[in-house]
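Notes for the one structure printed next.
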Amino acid sequence: MHGMRMVLPRLRHEKTEKGRTEIFDNFTNELSALGMHFIQSKGTIDSNQDLSDKGREKQISELRLKYLPRIADYQRQLSNIREQFVNEANQYRPRPYQGTGNPVLDYLVGKEFRDYLKSLPMSERVRQILDPALDPTGQKLHAVETSPVPDHGITADLIARAHQARMNALNPDGVLALQDQEIVLEALECNLNVVKATLEWTDKKPDESSAE
């Protein structure tokens, strides 16, 4: 059935395209086969004229109970793939500032920058953090993140945006790879939901179960 055909959107990062496509194909082909097998088995039951409506319903319920636990297996697989992608993502991220090796000096440098930040208008504080050209080593970002008292007005959201800005500036190749990973995960999750919905589908009309 064409309804079970699942296609991965085009990926844009050459290094990850082959591996990601293979993961998608393996997962989706198995999942699609499961859904198709269920549809065919259900079709056989539906077309069996020797069965009463109750008998047909009973067999379809048993079929559904046989197949639905397999969805949990694929949900676990998807969690494992997501974890694998998260681990791989770390190699694409710019290295965080490592410090001088002297905790006292690091503290003083950080305090000096935070004091300087507080002397600036808020718009300039944000620019100091969000512009990677002003913080090529990540030292300023590190000073803000490790601030014992967050009185500099730089929110967690701004810090996350600063990390993304550094990523975009310092590793555009990695940005594409991570976007590809998200595309694959979304496509796998969508496919899993399609097959799960197929297995859970009931031919009953909505008001039948609640009818008196």
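Everything numeric in this text was worked out from a predicted model, so none of it was measured.
No more than 12 heavy-atom neighbours from other residues, nucleotides or ligands sit within 6.0 angstrom of CG on D53. Residue-environment remark: NZ (K118) exceeds the threshold of 12 foreign heavy atoms within 6.0 Å. The local environment of CD in Q179 is crowded, with over 12 non-hydrogen atoms from other residues, nucleotides or ligands closer than 6.0 Å.
Residues R114 and T146 have side chains in contact (heavy-atom distance under 4.5 Å, counting atoms from C-beta outward). Using a 4.5 Å heavy-atom threshold, the side chains of L63 and L199 count as separate. Inter-residue side-chain proximity for V144 and L117 is flagged as met; some heavy-atom pair is nearer than 4.5 Å. Counting heavy atoms from C-beta outward, K42 and Q59 have side chains that stay 4.5 Å or more apart. Proximity of E112 to D115: side-chain heavy atoms (C-beta onward) are nowhere separated by under 4.5 Å. S119 places a side-chain heavy atom less than 4.5 Å from the side chain of Y116. No side-chain heavy atom of V195 sits less than 4.5 Å from a side-chain heavy atom of E200. In this structure, the side chains of L51 and N48 come closer than 4.5 Å at one or more pairs of heavy atoms.
The CG atom of N80 sits 9.0 Å away from atom CD of Q84, with the distance rounded to the nearest 0.5 Å. If you take CG on L130 and OG on S123, they are separated by 11.5 Å, rounding to the nearest 0.5 Å.
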Open item on the list: Set out, in order, the CA-CA distance, both residues' side-chain angles and the distance that settles side chain to side chain contact (heavy atoms under 4.5 Å, CB included) for V109 and D106, then state yes or no.
Closed with: CA-CA 5 Å; V109 169; D106 283 340; 5.7 Å; no

Original post:
Hey, mind stepping through N168 and Q164 against side-chain hydrogen bond (donor to acceptor under 3.5 Å, both in side chains) and telling me if it holds?
Top reply: CA-CA 6 Å; N168 295 345; Q164 188 60 48; 2.9 Å; yes

Report the C-alpha separation of F27 and N191 in whole Å, then their side-chain angles, then the decisive distance to 0.1 Å, and conclude whether the side chain to side chain contact (heavy atoms under 4.5 Å, CB included) test is met.
CA-CA 9 Å; F27 184 91; N191 295 344; 5.5 Å; no

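With F85 as the aromatic partner, R20 meets the cation-pi criteria of under 6.0 angstrom to the ring centre and within 45 degrees of the ring axis.
With respect to K66 and E62, no salt bridge is recorded, no charged nitrogen being found less than 4.0 Å from a carboxylate O. For R64 and E57, the salt-bridge test fails: no basic side-chain N is under 4.0 Å from an acidic carboxylate O. A salt bridge between E189 and R82 is present, with a side-chain N of the basic residue lying under 4.0 Å from a carboxylate O of the acidic one.
Side-chain atoms of D135 come within 3.5 Å of backbone N or O of Q139 as a donor-acceptor pair. Judged by distance alone, with hydrogens and angles left aside, the side-chain atoms of Q91 form a donor-acceptor pair with the main-chain N or O of E88 at under 3.5 Å.
Between the side chains of D73 and Q77, no donor N or O sits under 3.5 Å from an acceptor N or O.
Scanning both residues, L188 and I23, for their nearest heavy atoms gives CD1-CG2, 4.5 Å. Nearest heavy-atom pair across R125 and L120 is NE-O, 3.1 Å. Summarising the geometry of A169 relative to P172, their closest heavy-atom pair is O-CD, 4.1 Å, with the distance given to 0.1 Å. Nearest heavy-atom pair across K140 and L134 is NZ-O, 2.9 Å. The two residues Y97 and T137 make their nearest non-hydrogen contact at CB-O, 3.7 Å. Nearest heavy-atom pair, L170 versus P94, reported as atom, atom and distance to 0.1 Å: CD1-CB, 4.1 Å.
Note on F113: it does not cluster hydrophobically with Y107, by side-chain heavy-atom contacts below 4.5 Å among ILVMFWY residues. Both L31 and I183 belong to a single network of hydrophobic side chains, linked directly or stepwise wherever heavy atoms of I, L, V, M, F, W or Y lie under 4.5 Å apart. Cluster membership check: L105 does not share its hydrophobic cluster with L141, using side-chain heavy-atom separations under 4.5 Å among Ile, Leu, Val, Met, Phe, Trp and Tyr. Tracing side-chain contacts under 4.5 Å through hydrophobic residues (I, L, V, M, F, W, Y), one reaches Y67 starting from L78; they form part of the same cluster. L176 and L185 fall into different hydrophobic clusters, where Ile, Leu, Val, Met, Phe, Trp and Tyr residues are linked whenever their side-chain heavy atoms come under 4.5 Å apart, directly or through other members.
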